[in-house]
There are 2 protein chains.
Amino acid sequence: MLAEVFRAHGYAGASLALIGTRTGLGKGSLYHAFPGGKVEMAQAVLDEIGAWFEGRIYASLRDTPDPRAAIRQMLAETDGYFRSGRRVCLVGAFALCDERDLFGDRIAGYFAQWRDALTQALRRCGHDTKAFDLAEDTVLAIQGGLVLARALDDPEVFGRMLKRLEWTLLGETTARVHPSTS
Amino acid sequence: MLAEVFRAHGYAGASLALIGTRTGLGKGSLYHAFPGGKVEMAQAVLDEIGAWFEGRIYASLRDTPDPRAAIRQMLAETDGYFRSGRRVCLVGAFALCDERDLFGDRIAGYFAQWRDALTQALRRCGHDTKAFDLAEDTVLAIQGGLVLARALDDPEVFGRMLKRLEWTLLGETTARVHPSTS
DNA sequence: AGGGCGCTGTACCGATCGGTACAGACATCG
DNA sequence: CGATGTCTGTACCGATCGGTACAGCGCCCT
């Protein structure tokens with residue numbers, strides 16, 4: 001809930017009055033839960049997001065005995081989390097404005113962990129030397145897909161990108177036909 | 001100059017006081033040049049950006065007799081404009097926050113024109129059916145590269161992505177000569 | 001029953017927000 | 001030289017910003 005306010009209006013745009021009405025809490029309750037104020041609220045949201053991705057995506061990519069299944073799961077979870085392109089990535093949005101200076105380590109960590117976990121999975125299924133480049137390109141494409149889908153107000157951009165990623169990461173042996181999307 | 005203030009602090013974060021100090025103009029001058037206030041300033045900046053890309057990139061992609069050269073030029077101009085990953089895309093940043101509602105048409109137009117111009121160029125050099133997908137993926141990757149480069153505070157992410165794009169769009173037959181910045 | 005304590009609403013703070021009004025500086029032109 | 005119209009700095013406006021102080025409420029423990 002708190003995360004959605006930041007997601008919808010950005011850090012600067014999420015005023016305490018707006019947070020209060022959206023969460024149904026007064027300032028007293030908010031500052032009791034987050035003595036550090038707005039900064040601590042955003043940090044808590046970023047930590048929660050990081051924990052979600054760690055549990056649902058990163059851990060599997062690093063540890064699973066079946067890296068191809070973990071990658072497929074990553075694509076599915078990503079599609080679900082971002083509501084098939086209708087939801088914005090809060091971490092990516094924070095990275096673009098000057099909130100990056102406040103939360104720089106958490107923002108960098110989010111992307112670095114994703115990239116490194118995916119690199120490990122890719123190394124264990126054929127892509128040896130290209131694993132890092134492929135992982136970087138994947139994380140990057142997901143962010144770009146979210147930007148473009150929202151800019152064009154066309155969530156299907158995100159779905160097409162995921163299809164292309166599935167093809168690139170897993171090859172034609174698992175996918176059905178060539179992803180010449182309709 | 002005005003654009004840089006929005007780029008550095010976002011629309012909400014670029015207060016009139018900050019704009020005044022950075023541009024050296026008082027409120028009187030600002031509201032004389034932009035009677036519509038902050039909204040009109042941002043619109044002017046977006047229009048200026050759109051015109052720049054139209055003149056330096058889109059026009060060549062659509063009209064040039066040598067589409068491969070136009071694509072190579074696009075990559076070089078893109079690298080220059082975004083300072084090799086050290087500069088943020090203002091249009092992309094606006095797309096993520098709720099400023100999209102204010103400038104939706106300009107934001108969508110910026111990306112749609114880029115994608116469509118590149119599609120035309122790609123159609124004329126081999127990629128027939130996949131031209132649209134390739135163009136969409138390219139525009140998307142550039143945005144993602146900017147997000148990731150800034151999030152990780154590592155501009156080289158952007159350079160690596162451009163190299164990958166060059167290979168995907170032009171193939172390995174392209175000469176290794178570095179694109180000359182006219 | 002009653003004393004502490006965690007939680008909540010609310011009044012209030014100085015600062016700053018976007019925007020307006022307006023008086024003067026300035027150049028131009030008769 | 002005086003009139004005119006274009007710019008520009010500044011004082012000011014109500015609204016809202018993030019944050020603080022505090023009184024009251026209920027809940028638990030003894």
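Because the structure is a prediction, the values reported are computed rather than measured. To find a chain, count down the sequence lines: A is the first, B the second, and so on, and within it residues start at 1.
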Taking only residues two or more places apart in sequence, or in another chain, which ones meet [X] in a ring-ring contact (aromatic ring centres under 6.0 Å, His included)?
X       : answer
A/Phe6  : A/Tyr11
A/Phe82 : none
B/Phe53 : B/Tyr81, B/Tyr110, B/Trp114

Sub-4.0 Å heavy-atom contacts from residues 8-21 of chain B onto DNA chain D, ordered by number: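 Output list: empty, so none.
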Would you jot down, in residue-number order, the residues of residues 29-38 of chain B having a non-hydrogen atom under 4.0 Å from DNA chain D?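 B/Ser29, B/His32 - these, ordered by number, are the residues of the stretch whose heavy atoms sit under 4.0 Å from the strand.
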When rounded to the nearest 0.5 angstrom, what distance separates CG in B/Leu16 from NZ in B/Lys38?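 B/Leu16 CG to B/Lys38 NZ: 6.0 Å, rounded to 0.5 Å.
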Going from CD on A/Gln73 to CD1 on A/Ile57, what distance comes out if it is rounded to the nearest 0.5 angstrom?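 These two atoms lie 7.5 Å from each other.
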Would a single hydrophobic cluster contain both B/Leu102 and B/Ile49, if residues Ile, Leu, Val, Met, Phe, Trp and Tyr are joined by side-chain heavy-atom contacts under 4.5 Å?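 Yes: a chain of side-chain contacts under 4.5 Å links B/Ile49 to B/Leu102.
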If the threshold is 4.0 Å, N to carboxylate O, is there a salt bridge linking [X] and [Y]?
X        : Y        : value
B/Arg100 : B/Asp105 : no
B/Arg164 : A/Glu136 : yes
A/Asp47  : A/Arg106 : yes
A/Glu4   : A/Arg87  : yes

Could you list where the contact with chain B starts and ends along DNA chain C, reading 5' to 3', using a 4.0 Å heavy-atom cut-off?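 So the outermost contacting nucleotides come out as C/dC17 to C/dT20.
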Which is more 5' along DNA chain D, the nucleotide nearest B/Lys27 or the one nearest A/Gly28? Just name the residue.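 Result of the comparison: B/Lys27.
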